[in-house]
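Okay, structure first, notes after.
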Number of protein chains: 2
Amino acid sequence: MIAGTRQPARRRRASRGSGEQLRPEIVSAAKRLLAESANADAMSIRAVADAVGVTPPSIYLHFADKSELLSAVVVDVFAELDAAMLAAADGIDSPLGRLRAFGLAYVRFAVNHPEHYRLATMDPCPKPDVAVDEVLASSAFAHFNTTVLDCMQAGIFAQGDPLPVTLELWAAAHGIASLIIVKPYLPWGEVDEAADRVLCAAALGHAAVDLLGGEPTPEIVTAWLQEQRRPAGTR
Amino acid sequence: MIAGTRQPARRRRASRGSGEQLRPEIVSAAKRLLAESANADAMSIRAVADAVGVTPPSIYLHFADKSELLSAVVVDVFAELDAAMLAAADGIDSPLGRLRAFGLAYVRFAVNHPEHYRLATMDPCPKPDVAVDEVLASSAFAHFNTTVLDCMQAGIFAQGDPLPVTLELWAAAHGIASLIIVKPYLPWGEVDEAADRVLCAAALGHAAVDLLGGEPTPEIVTAWLQEQRRPAGTR
DNA sequence: CCGCTAACTTAGCGACGATAAGTTACTGCC
DNA sequence: GGCAGTAACTTATCGTCGCTAAGTTAGCGG
């Protein structure tokens, strides 16, 4: 790193009422440092302070501690994820098509911003941070949930509370996204294809479980699959 | 923590040829410290050294650095996970039943040992550590893969390479397990039930995608579901 | 132009991972 | 028995980390 030494390019002191303008700069510098250096602990308070041309204690005028700064970054990341998902589903009308676009965009975002995604979804949340979970409950997650509800009303999923279904599908998307990030050397193949397989299987599987009704024991599932596999004429 | 101060109970020096006996003690102390204190960075080299009654530099006689010690813990964790999965499937003969038992045991293990599971599957792997991935490829994962192959031969899944299917199902299991760990305050309901829903949907969904053949576009899936939902007499 | 205070700095604490250099005590050998 | 060799472990220390107490600078209201 060239900029390892002390930065003489000190930031100009903000004018009297505008101390708050440092805050977004700190967040975006933290975000950038996280993305640039693969490991998360390269984003030290000192490095962030250097990046915005300020000394470390100034960070604490805006964030009580490091975890609060990280929470602010997570809020930013979730907003960006939400924007990416909305953009991906733009112009797609069918509920199932939107669901697929959302899922694919989710996985793509995670794979393209692995450190941001890791911070947002794999780090121990020190305390269930209110700001973070407001975003989680309000933007990307809410859009997903609404689309699941649309699928129910379109007769694709059985009617009912969309929340458990959304959580189920989210688990599928998060599963494939996070494994690709953490174990990239496993034979996943193309990211989009792997994601599509998992997401299609999750959605179709949920619908199939609905169709079966009751608890899908291995016996019931086996019998149903054998029934399905018989050619149409023999039914 | 009561034992925060210096530990006067110093460990007796090992006899001449048996310096290696310290190593497993270090690993198990590290594992215990990880489990006891929720956050992973409470397991410092210094804390581990204290726990085994030794000074920090002695750790480095057995592990090149901290990440190597953590890798050793991960190897241990994967072995324990494998044992739990095998025990859960003991006495179950049907391939799909074994698959379900494996998946449930996997999620249960993750939820019951959240810090161990987090370390094993959510931490950035500094370099694809050989030892860790040998375990990953040899024990739990291999058993899973074998059972998927059994399912193929039993006609539950379409014949083919089991590896992509195993990865797909693993993604589902990891997805629900890791989300329950990281966002425990979301309405997951009973762990076993949530896991069963996701795992059944993943397995059934994969089988259904096989049945459909080709790429499951939203249109094809929608049509198939409508076909399925018609009562038997109208076909 | 002066005092008030917002905005930021200097200096430093304790804990961390890691290393260099030293010390202890067991063991094989005569 | 005693001594050399070395395995096993320690003391002391470095640089960095998150974080804080106490000080300093500079712009604005009076």
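Just the heavy atoms: all of them, side chains too, but no hydrogens, waters or symmetry mates, feed the values below. Chain A is the first sequence line, chain B the second, and so forth, proteins listed ahead of strands; every chain is numbered from 1.
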Residue pair Glu168(B), His206(B): steps toward the side chain to side chain contact (heavy atoms under 4.5 Å, CB included) verdict: CA-CA 8 Å; Glu168(B) 215 175 283; His206(B) 176 78; 3.1 Å; yes
How many Å lie between NE2 on His62(A) and C1' on dC19(D), as a whole number? 16 Å
Rounded to whole Å, the CG-P distance (Leu22(A) to dA7(C)) equals 10 Å
Ser58(A) side chain N/O closer than 4.0 Å to the phosphate oxygens (OP1, OP2) of dC8(C)? no
Applying side chain to side chain donor-acceptor pair (under 3.5 Å) to Asp150(A) and not counting sequence neighbours gives none
Is there a side-chain contact between Phe102(B) and Val148(B) in this structure, where contact means two heavy atoms from C-beta onward sitting under 4.5 Å apart? no
Could you check how far CG of Leu69(A) sits from C1' of dC19(D), rounded to whole Å? 14 Å
Could you tell me the separation between the CG atom of Leu61(A) and the P atom of dT9(C), rounded to a whole number of Å? 9 Å
Tell me which one of Phe109(B), Phe144(B), Tyr117(B) satisfies ring pair (Phe, Tyr, Trp, His ring centres under 6.0 Å) with His174(B). Tyr117(B)
Atom pairs, protein N/O to nucleotides 15-18 of chain D N/O, distance under 3.5 Å:
residue, atom, partner, partner atom, Å
dC17(D), OP1, Ser44(A), OG, 3.4
dG18(D), OP1, Ile45(A), N, 3.2
dG18(D), OP1, Lys66(A), NZ, 2.8
dG18(D), OP2, Ile45(A), N, 3.0
dG18(D), N7, Arg46(A), NH1, 2.4
dG18(D), O6, Arg46(A), NH2, 3.4

Less than 4.0 angstrom from a charged side-chain N to a carboxylate O is my criterion; do Glu80(A) and Lys31(A) meet it? yes
Tabulated below should be each protein N or O lying under 3.5 Å from an N or O of nucleotides 21-25 of chain D; please produce it.
residue, atom, partner, partner atom, Å
dT25(D), O2, Arg13(A), NH1, 2.9
dT25(D), O2, Arg13(A), NH2, 3.0

Verdict with reasoning, Arg108(B) to Asp192(B), per salt bridge (Lys or Arg N to Asp or Glu O under 4.0 Å): CA-CA 7 Å; Arg108(B) 273 200 208 112; Asp192(B) 280 14; 2.9 Å; yes
Side chains of Arg100(A) and Leu96(A) in contact at under 4.5 Å (non-hydrogen atoms): no
Should Val182(B) and Pro124(A) count as side-chain neighbours, where that means a heavy-atom distance under 4.5 Å? no
